[in-house]
Amino acid sequence: MAELIPVLNEDEIKKLVADVAQNISDDYKDSEIVLIGVLKGAFVFMADLIRKITIPVKIDFVAISSYGSNTVSSGKIKLTRGIEIDLKNKNILIVEDIVDTGLTLKYLIDYIESFEPKSVRICALLDKYERRETKINVDYPCHRIEKGFVVGYGIDYAEDYRNLPAIYHLKQ
Ligand code: 5GP
């Protein structure tokens, strides 16, 4: 039986999201940003985040497949949904659920830079910084965690658990 061990409760998530939204709104004051959410894991975070940002935002989504139904990264990254709006000369903020090895983001940054944006920064709900394999800097990390596989608040295991309002370690 899988066991769910609490990592962040609803109130803690709410505070982290409000704080990071404030920092983003302050840093981009007087400019516009395009938030690019990474499906599917970041959809809940993205929905909460945009409602706390106080400057003008546009949004789009990309979909990436890397884990499949495993809890270990396959290292193989595939773009399954691309950008649909104009990114040229725009300030881009990539919104990720978790940055782990950083390989997904490295791939994504290269892809987004091909549209010639003005700037590209990264916001991640969870930063597994100890497992980084690339030189990716998360500009707006909400919370740092160590190793372990987490689910809830949009984040899945084999498509389950996305509906949980809090974040848990999944112990199998
Ligand atoms: P990276 O390419 O940085 O190794 O992996 C990033 C992606 O792997 C995240 O967007 C997320 O989809 C997935 N991932 C990394 N750690 C976890 C985890 O603990 N739980 C789940 N469900 N996905 C994870």
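Given the structure is predicted, the values throughout are model-derived calculations rather than measurements. Position 1 is the first residue of the sequence, and the numbers go up from there. Atoms within a ligand are numbered from 1 in the order they appear, just like the ligands themselves.
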Within ligand 1, which atoms have a heavy atom of [X] less than 4.0 Å away?
{"X": "T101", "answer": "1 (P), 2 (O), 3 (O), 4 (O)"}
{"X": "E96", "answer": "10 (O)"}
{"X": "K128", "answer": "16 (N), 17 (C), 18 (C), 19 (O)"}
{"X": "D97", "answer": "9 (C), 10 (O), 11 (C), 12 (O)"}
{"X": "T104", "answer": "1 (P), 2 (O), 5 (O), 6 (C)"}

Using heavy atoms and a 4.0 Å limit, tell me yes or no: is [X] in contact with ligand 1?
{"X": "I98", "value": "yes"}
{"X": "G148", "value": "yes"}
{"X": "G41", "value": "no"}
{"X": "F149", "value": "yes"}
{"X": "V38", "value": "no"}

Any N/O pair [X]/ligand 1 closer than 3.5 Å:
{"X": "D156", "result": "yes"}
{"X": "V150", "result": "yes"}
{"X": "I155", "result": "no"}

So, the side chain of S25 versus the backbone of T54: is there a donor-acceptor pair under 3.5 Å, distance only? yes

Crowded around E159 CD? As in, over 12 foreign heavy atoms under 6.0 Å? yes

Please report the shortest heavy-atom distance between A2 and Y161, naming the atom on each side.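 That would be CB-OH, 3.9 Å.
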
Shortest non-hydrogen contact from G41 to I155?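 Taking G41 first and I155 second, the nearest heavy atoms are O-CG1, 4.0 Å.
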
Does a salt bridge link [X] with [Y], judged by any charged N lying under 4.0 Å from a carboxylate O?
{"X": "K147", "Y": "E130", "value": "no"}
{"X": "D127", "Y": "R132", "value": "yes"}
{"X": "K52", "Y": "D19", "value": "no"}

Would you call the rings of F45 and Y153 parallel, tilted or perpendicular, where under 30° means parallel and over 60° means perpendicular?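 It falls in the tilted class, 30° to 60°.
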
For the residue pair R162 and F43, would you count it as a cation-pi contact if the rule is NZ or CZ under 6.0 angstrom from the ring centre and within 45 degrees of the ring axis?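 No, a cation-pi geometry is absent between R162 and F43.
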
